[in-house]
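Inspection log for the structure reproduced underneath, given as structure tokens.
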Amino acid sequence: MPRDSKQIQVTLPDGTSRMVPVGCTAAEALSGSGGAASREVLAVKLNGVLTDLSTVLTGDASLAPITFESPEGQDVYRHSSTHIMAQAVKEVFPTAQLAIGPAIEEGFYYDFAFERPFTPEDLDKIEARAHEIIKADRPFKRMEMSRQDAIRFFRQRGESYKVDILEHIEDQTASLYSQGEFVDLCRGPHVPSTGRVTALKLLSGAGAYWRGDERNPMLQRIYGTSFPTQAALDAHLAKLEEIKRRDHRKLGKELDLITMQDEIGPGLVLWHPKGALIRLLIENFWREQHLQQGYELVYSPHIARLDLWRTSGHLDYYRENMFVPMKVEASEYQLKPMNCPFHIMIYKSHLRSYRDLPIRYGELGTVYRYERTGVLHGLLRVRGFTQDDAHLFCRPDQIEAEVGRVLDFTFFVLRTFGFSEFELYLSTRPEKAVGSTERWAQATSALEAALKGRGVSYRIDPGEGVFYGPKVDIKIKDVLGRAWQCSTVQVDFNNPERFELAYIGEDGKPHQPIMIHRALMGSIERFFGILLEHYAGAFPTWLAPVQAKALCITEKQRNYAETVVGQLKAAGCRAEADLRNEKIGFKIREAEKAKIPYMLVIGDREVEQGTVAVRGRSGANLGSMAVPAVIDLIRADLPQTMSAR
RNA sequence: GCUGGCGUAGCUCAAUCGGCAGAGCAGCGGUUUUGUAAACCGCAGGUUGGAGGUUCGAUUCCUCUCGCCAGCUCCA
């Protein structure tokens with residue numbers, strides 16, 4: 001086919017290619033001759049680089065349309081959205097200065113320098129103006145200028161934060177985007193015009209420091225989100241409502257599981273009987289499984305001499321998270337922020353042989369950390385909490401196998417609690433680190449080998465390791481798709497050195513063991529909070545504080561109901577009876593609100609037949625059955641053990 | 001720690017401009033004996049987070065303080 005010199009070849013993701021005139025835009029090339037690309041297409045990847053649809057093609061190229069379906073598409077969409085909001089802010093409040101406004105997961109924000117915080121009424125006004133800007137469908141136009149020109153431009157407009165940004169960038173050219181009167185410094189790309197943003201909503205205002213540094217001035221941030229359809233936006237808002245509905249602080253109080261009270265102190269948790277029972281069940285499961293997995297369980301005190309923390313290095317590296325020491329007799333004592341030094345001292349209490357390794361000490365160890373008041377958050381961030389901690393002492397050649405065992409164990413435990421989606425991160429050597437590069441390399445590759453051996457996918461967080469060694473973090477995804485970090489496996493070269501740990505090798509000489517810190521649930525408090533939200537308070541039967549409640553229709557069935565509860569309790573089930581003089585509808589409502597898995601309705605009919613009418617949570621009618629069948633139902637939910645898998 | 005918002009009965013929330021602090025639920029007493037998400041009547045419940053100030057008078061305005069919430073920063 002003869003090739004016209006004024007034509008270029010574009011290749012599409014499906015492998016097909018077409019000839020288009022040189023100088024046409026990416027949008028035109030995607031749609032064929034003349035017309036514009038379809039409305040769903042927001043931007044384009046030109047030879048792998050994300051760019052505007054209005055980009056003029058100058059040579060042969062591969063073109064991939066970008067829609068809201070892809071994370072990049074969402075990014076572009078939200079980025080354009082935040083420009084629209086910024087324009088609205090400038091129009092409603094001309095004295096506001098622009099700082100920075102990126103797209104974030106599920107939305108966007110923009111920071112402004114403004115003389116006061118934005119009120120909800122301000123947000124309404126801004127949102128209304130943003131909708132007008134969308135309706136006006138103004139095109140996003142890209143222009144480029146030299147850095148110096150851009151600095152002059154923004155200085156003239158009084159946008160000192162933009163000037164600050166420009167003064168810190170390396171590039172000698174800057175790109176600006178405008179829609180109508182509004183001009184912003186921006187790398188781009190953007191959607192073709194403001195009308196592409198269909199459904200936009202401003203959510204909240206908050207303070208934020210310029211460049212995230214508390215020494216800098218406080219800016220006013222506005223959060224918002226946007227979607228290609230009103231239905232998608234509504235669904236997102238419904239999800240935000242759902243998150244509120246599941247808030248563990250609310251559910252914890254409603255279900256009478258835990259409270260945190262002024263009189264006790266911030267970040268300190270009271271476990272009420274039902275919450276404590278759930279915790280006990282979690283801990284019992286944990287202990288059983290650890291014993292089965294070759295861990296030895298230990299206990300350690302809550303305080304220790306300050307010197308111990310000096311030896312461990314916590315005093316140097318962790319002091320700001322520790323409560324102030326207390327003076328006792330002639331020495332100072334420290335409330336423990338971690339359990340490791342104690343486990344180390346247990347290791348050190350004997351001379352160890354290579355034959356003893358690996359040694360695995362586990363403890364549900366309660367630690368106290370001084371957290372700044374602003375970071376405390378329900379059960380998810382507290383000052384006193386119990387770690388499901390363990391420290392493994394092993395030879396360097398055992399790291400991979402030990403980490404592998406920990407990973408298997410972690411997945412088993414997390415799955416038992418109902419989590420099936422995980423995100424794994426391997427964190428490598430940070431700039432400030434102890435231990436030789438060879439040791440780091442060896443340990444990192446051992447971690448990597450353990451991960452690969454499990455066939456799980458993971459991401460690398462370069463330089464995010466702890467100073468004492470590389471680590472693997474596991475995040476769980478809850479039922480709403482939110483990721484929570486719980487589990488961590490950390491290799492430690494530092495403590496064996498500091499505490500001069502040793503084992504006697506085959507050669508009869510002392511060698512230094514490697515230490516591995518690991519937690520599966522992280523903190524019981526935090527894990528409990530996550531579980532509470534994951535299940536919206538409706539814990540699986542094996543964890544439910546009350547598994548079955550006998551509800552008699554009238555007081556006539558009291559004795560029978562008590563017998564039923566007695567039989568269930570004798571079989572190891574957690575059962576209660578509601579014998580009050582109340583209507584059955586009322587009793588069911590209360591049991592339902594308490595999220596009890598099985599309601600056993602008992603009237604004359606059931607007494608006569610020797611059965612109970614079983615009602616599941618949220619109204620399921622499971623029919624009438626005798627008590628042994630109910631016991632089977634409850635027992636069926638008990639977790640498997642790791643070895644029985 | 002910083003910025004902003006908020007603290008009223010056990011819980012959820014009212015109280016106009018500074019003018020007698022109220023409701024529903026829960027609790028207690030009684031009536032009702034009931035078939036799958038709220039029976040009815042009554043009673044009781046408060047130093048309005050705490051301290052100080054302004055005022056004839058403060059839940060309301062001011063200062064300080066404690067706590068909670070959102071965000072920044074940090075993190076199990």
Side-chain angles (χ1 to χ4, degrees), chain A residues 109 111 114 116-120 203-223 244 247 249-250 253-254 256 259-268 318 320-321 337-339 365 367 369-389 473-475 484-488 490 517-530 551-558 580-594 599-606 613-622 624:
Chain A
Y109 68 79
D111 288 343
F114 194 52
R116 59 170 177 82
F118 293 111
T119 64
L203 299 171
S204 59
Y209 298 105
W210 171 238
R211 295 188 187 280
D213 189 328
E214 66 188 35
R215 289 165 302 192
N216 285 336
M218 172 72 65
L219 304 171
Q220 300 305 327
R221 176 171 297 182
I222 301 176
Y223 285 94
K244 240 187 243 171
D247 192 313
R249 292 166 298 187
K250 185 168 162 279
K253 202 193 276 179
E254 276 174 14
D256 197 16
T259 53
M260 299 169 85
Q261 300 175 20
D262 260 28
E263 291 81 347
I264 311 291
L268 303 170
Y318 209 70
E320 60 182 27
N321 281 303
M338 295 199 186
N339 303 302
V367 297
R369 298 184 183 173
Y370 173 73
E371 301 284 356
R372 297 157 98 196
T373 51
V375 308
L376 298 172
H377 181 87
L379 291 175
L380 303 183
R381 194 71 185 278
V382 293
R383 283 185 175 159
F385 60 99
T386 301
Q387 291 183 305
D388 67 319
D389 212 355
D473 288 329
I474 301 172
K475 287 186 182 178
W484 305 96
Q485 204 216 304
C486 296
S487 321
T488 185
Q490 308 179 350
H517 308 246
R518 50 111 276 195
L520 309 185
M521 299 182 281
S523 119
I524 305 279
E525 283 75 2
R526 181 183 165 79
F527 192 72
F528 182 82
I530 294 166
L551 313 176
C552 53
I553 306 257
T554 74
E555 288 181 348
K556 271 195 289 178
Q557 300 93 26
R558 283 182 79 139
R580 291 174 304 171
N581 172 17
E582 292 289 353
K583 293 181 75 170
I584 191 68
F586 183 77
K587 292 185 181 183
I588 284 173
R589 179 183 152 81
E590 291 210 332
E592 193 71 61
K593 276 178 31 179
M599 290 163 231
L600 316 178
V601 177
I602 297 167
D604 286 339
R605 213 155 52 217
E606 285 72 29
V614 183
R615 183 193 202 273
R617 270 191 293 229
S618 52
N621 180 7
L622 304 178
S624 285

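In the text below, chain A, chain B and the rest are named by the order of the sequence lines, each starting its count at 1.
The C1' atoms of B:A58 and B:G53 are separated by 11 Å, rounded to the nearest whole Å.
Counting only heavy atoms from C-beta on, A:Phe586 has its side chain closest to B:A26 among B:A26, B:G35, B:A37. In this structure, of B:U3, B:A39, B:U36, it is B:U3 that holds the atom nearest to the side chain of A:Gln220. You'll find that the side chain of A:Glu555 is closest to B:U33, out of B:U36, B:U33, B:A38. Of the candidates B:G1, B:U36, B:A26, the closest approach to any side-chain atom of A:Tyr209 belongs to B:G1. The nucleotide whose nearest atom lies closest to any side-chain atom of A:His377 is, among B:A70, B:G1, B:U36, B:A70. Listed candidates were B:G35, B:C68, B:A70. Nearest to the side chain of A:Pro266 is B:C68. Comparing B:A38, B:G27, B:A70 against the side chain of A:Arg589 picks out B:A38 as the nearest.
Among the protein residues, A:Arg605 comes within range of the nucleic acid bases, having at least one heavy atom under 4.0 Å from a base atom. Among the protein residues, A:Phe527 comes within range of no part of the nucleic acid, since none of its heavy atoms lies under 4.0 Å from any strand. Counting any heavy atom pair closer than 4.0 Å across all strands shown, A:Gly585 reaches sugar-phosphate atoms only and no base atom. Among the heavy atoms of the strands lying under 4.0 Å from A:Ile553 is at least one base atom, whether or not backbone atoms are also near. Residue-level contact check: A:Lys556 touches neither bases nor backbone, having no heavy atom under 4.0 Å from any strand. In this structure, A:Glu606 reaches the bases: a heavy-atom distance under 4.0 Å links it to at least one base atom across the strands shown. Base engagement by A:Asp604 is indicated by at least one non-hydrogen atom pair under 4.0 Å involving a base atom. As judged by a 4.0 angstrom heavy-atom cut-off over every strand, A:Ala591 is placed among residues making no nucleic acid contact.
Where RNA chain B pairs in unbroken runs of 3 or more (Watson-Crick or G-U, both distances under 3.5 Å), the stems are B:1-7 with B:66-72, B:10-13 with B:22-25, B:27-31 with B:39-43, B:49-53 with B:61-65.
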Please tabulate the protein-to-nucleotide N/O contacts below 3.5 Å involving nucleotides 74-76 of chain B, giving atom names and distances.
| unit_1 | atom_1 | unit_2 | atom_2 | d |
| --- | --- | --- | --- | --- |
| B:C74 | O2 | A:Arg381 | NH1 | 2.6 |
| B:C74 | O2 | A:Arg381 | NH2 | 2.9 |
| B:C74 | N3 | A:Arg381 | NH1 | 3.4 |
| B:A76 | O3' | A:Gln485 | O | 3.0 |
| B:A76 | O2' | A:Arg526 | NE | 3.2 |
| B:A76 | N6 | A:Glu371 | OE2 | 2.9 |
| B:A76 | N6 | A:Arg381 | NE | 3.3 |
| B:A76 | N6 | A:Val382 | O | 2.9 |
| B:A76 | N1 | A:Val382 | N | 3.2 |
| B:A76 | N1 | A:Val382 | O | 3.3 |

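Partners of A:Arg580 by side chain to side chain donor-acceptor pair (under 3.5 Å), not counting sequence neighbours, listed by chain and number: A:Asp578, A:Glu590.
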